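Remarks on the structure that follows.
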Amino acid sequence: MLNEVTISTAIINRYMTKLTSALDLDVAIVGGGPSGLVAGYYLAKAGRKVALFDRKLSIGGGIWGGGMMFNEIVVQEAGAAVLAEFGLAGSPFEPGYYTLDSVYTTATLVHKAMAAGLLIFNLIGVDDVVIKDERVAGLVINWGAVSTLGWHIDPLTLFARYVLDATGHDAEIASVLVRKMGVRLNTETGGLVGEKSMAAERAERETVTNTREVYPGLFVSGMAANAVCGGYRMGPVFGGMLLSGKRAAESILEGLA
């Protein structure tokens, strides 16, 4: 016979165990889009303690909607190797272009990343960063609904040796760091350069080249990298996003070595 209190106790106990285990991390990823999921996969696969936080109910960022809510995405040849790592094979459209179902792709990225050991916390927002010795050293977290409702609820904090801002166009973590600390970033201007308009070919390249450590302890990837460093936007083509996540993981692993 099912007992309602036992059900509630199981959920609370297991969640608190999971959350407590994520308070001291090698890497904290903010944003559950493609670059964040891919980075989390490679970091977890390398044996690092890594967790991903996203304020939304669903994980996957912009992949779910495909292009204008047509749930298909495009990946070019450059991203094929990363797709293969996740057991995904796109359907050839024209030479160098592959299409994939956006729902299946998102579900696969999430599944593979978690199977590799990535902890994922949805409905958790990041309000601020922890600063120690002029370095990003952790996150200030709260329930995602708290900021949406505008309530004054004090947050909790966690430690991380590195933080990855994979929050997309808004580059939320880099933005709060600049706004609150007035720091100089590793960008052309020293500040948030801002995202440029659509230019898919350039954007795909720059998404990868802009993936870097922009302040001690803080990396950027995906569209957050372009927003911080001044890259173009590319729309529903995702090879650069996948490669950006892999590059972020490789760079962070070098720092952790």
Side-chain angles (χ1 to χ4, degrees), residues 4-37 39-40 49-65 69 106 110 113-114 118-132 135-183 185 191-192 194-195 214-215 217-225 227-228:
E4 290 81 1
V5 172
T6 301
I7 294 168
S8 296
T9 301
I11 291 169
I12 293 168
N13 284 353
R14 291 299 167 85
Y15 186 85
M16 290 306 169
T17 298
K18 182 166 61 177
L19 182 59
T20 301
S21 74
L23 296 182
D24 191 351
L25 298 165
D26 289 322
V27 187
I29 300 170
V30 189
S35 72
L37 288 169
K49 190 175 180 182
V50 54
L52 183 152
F53 302 86
D54 195 303
R55 72 173 67 251
K56 295 180 180 179
L57 175 62
S58 62
I59 301 297
I63 309 181
W64 288 110
M69 295 193 291
T106 307
V110 172
M114 295 191 75
L118 175 67
L119 289 174
I120 293 181
F121 295 89
N122 60 334
L123 298 171
I124 297 289
V126 176
D127 295 337
D128 205 346
V129 296
V130 177
I131 297 289
K132 290 186 181 294
R135 178 183 177 87
V136 172
L139 299 175
V140 180
I141 62 172
N142 215 325
W143 298 116
V146 167
S147 60
T148 300
L149 294 169
W151 289 348
H152 178 72
I153 304 291
D154 280 331
L156 297 174
T157 58
L158 62 90
F159 174 78
R161 294 173 65 186
Y162 285 97
V163 169
L164 175 62
D165 185 345
T167 59
H169 301 273
D170 294 330
E172 295 175 14
I173 309 307
S175 295
V176 77
L177 179 64
V178 169
R179 176 173 56 84
K180 298 189 77 170
M181 296 296 295
V183 302
L185 300 178
L192 297 166
E195 177 188 311
V214 294
Y215 187 77
L218 177 64
F219 278 79
V220 291
S221 69
M223 280 312 301
V228 170

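The structure presented is a predicted model; accordingly, all values stated were derived computationally and were not measured. We use all heavy atoms of the structure for the numbers below, so side chains are in, but hydrogens, waters and symmetry mates are not. Each residue takes its place number in the sequence, starting with 1.
Residues passing the salt bridge (Lys or Arg N to Asp or Glu O under 4.0 Å) test with Lys180, sequence neighbours excluded: Asp128. In this structure, the side chain to side chain contact (heavy atoms under 4.5 Å, CB included) partners of Ala227, at least two apart in sequence or on a different chain, are Ala171, Glu195. Applying the side chain to side chain contact (heavy atoms under 4.5 Å, CB included) criterion to Asn122, with sequence neighbours excluded, gives Leu57, Ile59. Taking the side chain to side chain contact (heavy atoms under 4.5 Å, CB included) definition, one finds that Ile153 meets it with Asn142, Val146, Trp151, sequence neighbours left out. Annotation: side chain to side chain contact (heavy atoms under 4.5 Å, CB included) contacts of Thr9 (sequence neighbours excluded): Val5, Asn13. By the side-chain hydrogen bond (donor to acceptor under 3.5 Å, both in side chains) test, Thr6 pairs with Asn3, sequence neighbours left out. Under the ring-ring contact (aromatic ring centres under 6.0 Å, His included) criterion, Tyr162 pairs with Phe219, sequence neighbours left out.
Rounded to the nearest 0.5 Å, atoms CE (Met181) and OH (Tyr215) are 6.0 Å apart. Put simply, CG on Leu23 and CZ on Phe159 are 12.0 Å apart, with the number rounded to the nearest 0.5 Å. Put simply, CG on Leu156 and CG on Leu139 are 12.0 Å apart, with the number rounded to the nearest 0.5 Å. Distance check, rounded to the nearest 0.5 Å: CD1 of Ile124 to CZ of Phe53 gives 7.5 Å.
Here side chain to side chain donor-acceptor pair (under 3.5 Å) pairs that include residues 17-37, with residues two or more places apart or in two chains, are Ser35-Ser221. Counting only residues at least two apart or in different chains, salt bridge (charged side-chain N to carboxylate O under 4.0 Å, His left out) contacts with residues 5-16 are absent. Residues in residues 50-61 take part in these salt bridge (charged side-chain N to carboxylate O under 4.0 Å, His left out) pairs, two or more places apart or across chains: Arg55-Glu172.
Across all non-hydrogen atoms, the minimal contact from Gly40 to Val50 is O-CG1, 4.0 Å. Contact detail for Val220 and Ala225: the closest heavy-atom pair is CG2-CA, 3.7 Å. Considering every non-hydrogen atom in both Val163 and Gly138, the closest pair reads CG2-O, 4.2 Å. A pairwise comparison of heavy atoms in Leu25 and Ala51 identifies CD1-CB, 3.8 Å as the closest pair. Taking all atoms of both residues into account, the shortest heavy-atom contact from Ala224 to Asp165 is CB-O, 3.5 Å.
By the 4.5 Å heavy-atom criterion applied to side chains, Ile120 and Leu37 are counted as neighbours. Within the 4.5 Å cutoff, the side chain of Leu177 has heavy atoms near those of the Ile131 side chain.
In this structure, Ser175 contributes its side chain and Asp170 its backbone to a donor-acceptor pair below 3.5 Å.
Using bins of under 30°, 30° to 60° and over 60° for the plane-to-plane angle, the ring pair Tyr15/Phe121 lands in the perpendicular bin.
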